[in-house]
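Reading through the structure tokens given below for one structure.
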Amino acid sequence: MTMKKCAPGLIALSPLLLSACAPMAPSPAPQLIENTCLVIQPCRLPAVNARSNGDLHLALERAEAAWGECAAVVDTIIRCQAEVGSDE
């Protein structure tokens, strides 16, 4: 009985082929990133206890500054919601 001759290169490759059958760890699930805007909160004005015209003028300036800050936050939220709405 004669045996077939095999090339030595093919036998050397067989362990490499068998390693491909080993189970692999599952790839991690992709992370979902939710694009959300700021939460809307009511505007707050500073309390006033004016006793003179100077105090009243200072209270007016503080109220105008608070309204300006509130308007900036509202503008930011509107811009964010417009961007999120355009992505859908």
Side-chain angles (χ1 to χ4, degrees):
M1 178 173 195
T2 59
M3 291 183 64
K4 295 182 181 180
K5 293 185 179 181
C6 292
L10 295 177
I11 292 175
L13 284 177
S14 63
L16 293 175
L17 294 174
L18 292 175
S19 66
C21 297
M24 293 183 58
S27 60
Q31 291 184 341
L32 298 178
I33 299 173
E34 188 175 337
N35 189 8
T36 59
C37 300
L38 295 172
V39 177
I40 298 174
Q41 296 182 354
C43 296
R44 304 255 186 238
L45 295 177
V48 177
N49 187 12
R51 295 185 182 191
S52 67
N53 283 341
D55 292 343
L56 192 58
H57 182 70
L58 182 61
L60 175 64
E61 288 179 351
R62 288 182 178 165
E64 288 173 348
W67 278 118
E69 290 177 14
C70 185
V73 171
V74 169
D75 289 345
T76 303
I77 293 171
I78 290 172
R79 210 174 307 119
C80 177
Q81 289 176 346
E83 290 174 4
V84 170
S86 65
D87 292 342
E88 293 179 23

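One-based numbering along the sequence shown. As the structure is a computational prediction, the values presented were derived from the model and not from experiment.
Side-chain heavy-atom separations under 4.5 angstrom define the hydrophobic clusters, and Val39 shares its cluster with no other residue. Other members of the cluster containing Leu56 do not exist, because no ILVMFWY side chain is joined to it at under 4.5 Å.
A pairwise comparison of heavy atoms in Leu45 and Ala63 identifies CD2-O, 4.0 Å as the closest pair.
Distance CD1/Ile40 to CD1/Ile78: 8.5 Å, rounded to 0.5 Å.
Among residues at least two apart or in separate chains, side chain to side chain donor-acceptor pair (under 3.5 Å) pairs with a member in residues 60-72 are His57-Glu61. Within the structure, side chain to side chain donor-acceptor pair (under 3.5 Å) contacts touching residues 72-81 (residues at least two apart or in different chains) do not occur.
Scored by the side-chain contact (heavy atoms from CB on, under 4.5 Å) test, Arg44 finds Pro42 as partners (sequence neighbours excluded). Every side-chain contact (heavy atoms from CB on, under 4.5 Å) that Ala59 has, sequence neighbours left out, goes to Val48.
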